Colleague: 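I have a structure here, written as structure tokens, and I will follow up with some questions on it.
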2 protein chains.
Amino acid sequence: MRFVSAEQVAKLAGVSRSAVSRTFTEGASVAPATREKVLKAAEELGYHVNDLARGVLANQSRLVGVVATKPEIGFRAHLTAALTKALIRRGSIPVLINTGETEEELLAAQKMLIGHRAEATVILSGSPPASFFELAQRNGQPLVVIGRSEPDADRVLAGNAEASREAADTFIAAGRRRLAVIGSRSATPSIAEREIAFVAAAEASGFVVRIAHGRDSDYDGGIIAARELFSEGERPDAIFCANDLLAFGAMDVIRQEFSLSVPDDVALIGFDDVPEAAWLSYDLTTFRQDPAAIAARAVMLLDRRQQNPDEPRACERVIPQIVFRKSFSRS
Amino acid sequence: MRFVSAEQVAKLAGVSRSAVSRTFTEGASVAPATREKVLKAAEELGYHVNDLARGVLANQSRLVGVVATKPEIGFRAHLTAALTKALIRRGSIPVLINTGETEEELLAAQKMLIGHRAEATVILSGSPPASFFELAQRNGQPLVVIGRSEPDADRVLAGNAEASREAADTFIAAGRRRLAVIGSRSATPSIAEREIAFVAAAEASGFVVRIAHGRDSDYDGGIIAARELFSEGERPDAIFCANDLLAFGAMDVIRQEFSLSVPDDVALIGFDDVPEAAWLSYDLTTFRQDPAAIAARAVMLLDRRQQNPDEPRACERVIPQIVFRKSFSRS
DNA sequence: ACGCGGTCTGCACGGCTGTGCAGCAAACAG
DNA sequence: CTGTTTGCTGCACAGCCGTGCAGACCGCGT
């Protein structure tokens, strides 16, 4: 019996347990004198209300699940951090479910969240199976999906299509002709979306786009894809990378293995604007995504859903802004 | 009443609530037939045990707090991810408290954790005030501190002193004579420890060490410190950076602003071996810290403390291994 | 002095669960 | 066939908390 209960505080303060409960309940009616006594006793014993029991009563727990695979990498790290911060500020308790790609692992995590009566779940990555959504639905658990167009849940989307089109148009306007795009084979929805939109926009203007894929959408992926692009076929003079990490890998290969110049020989545009994009070695032109803004929208959707659970699914868009740096400038 | 209760399942299955409870309790005695009936009813209603209520009864919640400031940056991102993964594998529920540096913010977070009867708290960074430890102690909440020598808690320490000494000795053995170290003004304990140990080791061998500080221990910090080192005074030919991010900033300034060569003019050693250290642009010689290993030790300490709460405080050391890359090689 | 209104307080209940205990039926041994 | 063991089951209680309700008490007006 490690924790102090309200009973013990009541005994020490010489009041009933109800008085203790009321002292710690917002807006309950307690006389200042007893309130004082209770607080003193609580302080002496080191008492804290048991939020678990409170949650049992109210059928809610203030827990919010944050589901992500590889939350330490690239933009996702920043998104995870922004989200947890926003949740804490809101008074929620962020539970970070760092899960592998396996379907069963994901379902196990969800069962854990439902078991603990998590109020909502935010999904940052991965492609949850249909049963995931169904389970959440049946338990009335609000779901917010970020960066994936999932009709069965509230969602926050980056303007992937708009940005990718802008990338293509800007390349073309600057006189670049041999376009390429780098995506990844293990296609995250947003990565795939950017790749497809870029190709579509370029083709609409009458250009052919070479496509290369890394294994994952990370630095090594950029390395692999760039090697493929430059060791055979027509050498590109402008590459749109579906995220910054891919761009870093590609840039390093272009400069160091093929001794070409960025931006003179090859222009590069990335996506996300992670802090590394501003590092002197890269100085990458990229689309800025504000993690705090995305997190704020997600929390807003959560609030709204909790107030009217039966509203139709909503979708918030956050439009990324291009940031020009040395790897590609307009003129 | 969004969630299904055991009562409802019992009614549907035509058994008592106890039978339902036992069905979902490990090692309880239930007849296979009733077990079957209960499972079927539970499946039909979408029932999940309320772990909150279970926790109230057992006075434990499976929640484990993970407290970190800026968990998105550098090595800490990897440590956070490794820790949450290890905790989940252990069956715990990691609550990521992403807090600012403020003392009151930290205390609020801790109150939240205690209120929810978190079983333990792992602290990754920041310098919690004494009251933090006292509060944890009084509530019998196990505390594990990583990378900080805090006698009132179990702790996992990197071999900062050993590694820093090795850095100094290796520089000297390779014929480097004008040594410098880069730390930060907002000194994290481990950053400060590395700086001090390096200086001590070099001085023991009769060398003077120039010291430069960034504002924080990140990329910008490295930039600022390197500018200071190279714009005045005797130019160093070997710099030990208290972490990799500082090294990246320093390396970029050395090469691009002062047009010097790494490693010919200046050798660099970093600390942590974050993935970026292996990127072609940096190829940084550094001390490898394995986040998974550190996380595993932390979880081990947690387990041990939970089994015998009265054991004396323990301290686990994980010794970093130097990884040689291009920024400094032995010969 | 007496009645009345208002403010607190304590009781008891409700919200979920795990589990000791006693009882019951079935199985088994003699 | 009967006595005993065994295996399940249901009851009731414990573990925390918030809150409706009725009653106590205090202050005040007449």
Side-chain angles (χ1 to χ4, degrees), chain A residues 1-39 41-42 45-63 111-112 114-119 139-140, chain B residues 1-39 41-42 45-63 111-112 114-119 139-140:
Chain A
M1 210 163 320
R2 265 171 27 197
F3 288 98
V4 184
S5 80
E7 189 80 47
Q8 304 174 34
V9 178
K11 193 171 289 177
L12 179 61
V15 296
S16 80
R17 201 184 51 70
S18 313
V20 178
S21 176
R22 280 188 248 266
T23 300
F24 291 100
T25 302
E26 199 78 17
S29 137
V30 205
T34 49
R35 181 189 190 79
E36 201 61 33
K37 277 193 294 185
V38 169
L39 285 178
L45 294 176
Y47 170 75
H48 287 264
V49 177
N50 186 336
D51 284 309
L52 254 50
R54 201 178 242 176
V56 169
L57 203 59
N59 217 336
Q60 55 165 2
S61 64
R62 288 170 56 197
L63 260 50
K111 283 200 179 140
M112 185 148 88
I114 290 180
H116 279 261
R117 298 299 184 257
E119 292 182 355
N139 286 279
Chain B
M1 210 164 321
R2 264 171 30 196
F3 290 98
V4 184
S5 79
E7 189 79 47
Q8 304 173 34
V9 177
K11 193 171 287 177
L12 178 62
V15 295
S16 80
R17 200 186 50 70
S18 312
V20 178
S21 176
R22 280 189 248 265
T23 301
F24 292 101
T25 303
E26 199 78 16
S29 138
V30 205
T34 48
R35 180 188 192 80
E36 203 60 34
K37 276 193 294 186
V38 168
L39 286 178
L45 295 176
Y47 169 74
H48 288 264
V49 177
N50 187 336
D51 284 310
L52 255 48
R54 201 178 241 176
V56 170
L57 201 59
N59 216 335
Q60 54 166 1
S61 63
R62 289 170 57 198
L63 260 50
K111 284 202 179 137
M112 184 149 87
I114 290 180
H116 279 263
R117 298 297 184 260
E119 292 182 355
N139 286 279

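Only a predicted model underlies this, so the values are computations on that prediction, with no experimental measurement involved. Order of the sequence lines sets the chain letters (A, B, ...), proteins ahead of strands, with each chain counted from 1.
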Colleague: Roughly, in whole Å, what's the span from CZ in B/Phe24 to C1' in C/dT17?
Modeller: 13 Å
Colleague: Nearest whole angstrom, please: distance from the P of C/dT17 to the CD of B/Glu7.
Modeller: 9 Å
Colleague: Going by salt bridge (charged side-chain N to carboxylate O under 4.0 Å, His left out), name the pairs with one or both residues in residues 21-34 of chain A, residues two or more places apart or in two chains.
Modeller: none
Colleague: Round to the nearest Å and state the distance from A/Asn50 atom CG to D/dG18 atom P.
Modeller: 9 Å
Colleague: Any chance you could list the contact pattern along nucleotides 4-14 of chain C? Use B for base contacts, S for sugar-phosphate-only contacts and - for none, protein heavy atoms under 4.0 Å, 5' to 3'.
Modeller: ----SBBBB-B
Colleague: For the residue pair A/Asn59 and A/Arg117, establish whether any side-chain heavy-atom pair is separated by less than 4.5 Å.
Modeller: yes
Colleague: What is the distance, rounded to the nearest whole Å, between atom CD of A/Gln60 and atom C1' of D/dC17?
Modeller: 14 Å
Colleague: Compute the bend angle of the helix from C/dA1-D/dT30 to C/dG30-D/dC1 from the end axes (five pairs per end), rounded to 10°.
Modeller: 40°
Colleague: Mind calculating the distance between CD (A/Gln8) and P (D/dC16) to the nearest angstrom?
Modeller: 8 Å
Colleague: Mind listing the closest non-hydrogen atom pair of B/Ala6 and B/Arg17 along with its distance?
Modeller: CB-CG, 3.8 Å
Colleague: Which residues pass the side chain to side chain contact (heavy atoms under 4.5 Å, CB included) test with A/Thr34, not counting sequence neighbours?
Modeller: A/Val15, A/Val30, A/Ala31, A/Lys37
Colleague: Check salt bridge (charged side-chain N to carboxylate O under 4.0 Å, His left out) between B/Arg54 and all other residues, then give those that pass, not counting sequence neighbours.
Modeller: B/Asp51
Colleague: Roughly, in whole Å, what's the span from CG in A/Leu45 to P in D/dC16?
Modeller: 14 Å
Colleague: Mapping A/Thr25 and A/Ser5 to their closest nucleotides on DNA chain D, which lands nearer the 5' end?
Modeller: A/Ser5
Colleague: Picking from A/Leu39, A/Leu12, A/Val20, what satisfies side-chain contact (heavy atoms from CB on, under 4.5 Å) with A/Tyr47?
Modeller: A/Val20
Colleague: Rounded to the nearest 0.5 Å, what's the gap from CD on B/Gln60 to CZ on A/Phe3? Could you check?
Modeller: 10.0 Å
Colleague: At under 4.0 Å, does any side-chain N or O of B/Arg54 touch on OP1 or OP2 of C/dT17?
Modeller: no
Colleague: Looking only at side-chain N and O atoms, does A/Tyr47 come under 4.0 Å of OP1 or OP2 in D/dC16?
Modeller: no
Colleague: Could you state the CG-P distance from B/Asn59 to C/dT17, rounded to the nearest angstrom?
Modeller: 18 Å
Colleague: If I take atom CG in residue B/Leu52 and atom P in nucleotide D/dC17, what distance separates them, rounded to the nearest angstrom?
Modeller: 13 Å
Colleague: So, using salt bridge (charged side-chain N to carboxylate O under 4.0 Å, His left out) as the criterion, who are the partners of A/Arg62 when residues are at least two apart?
Modeller: none
Colleague: Are any non-hydrogen side-chain atoms of B/His116 and A/Leu52 less than 4.5 angstrom apart?
Modeller: yes
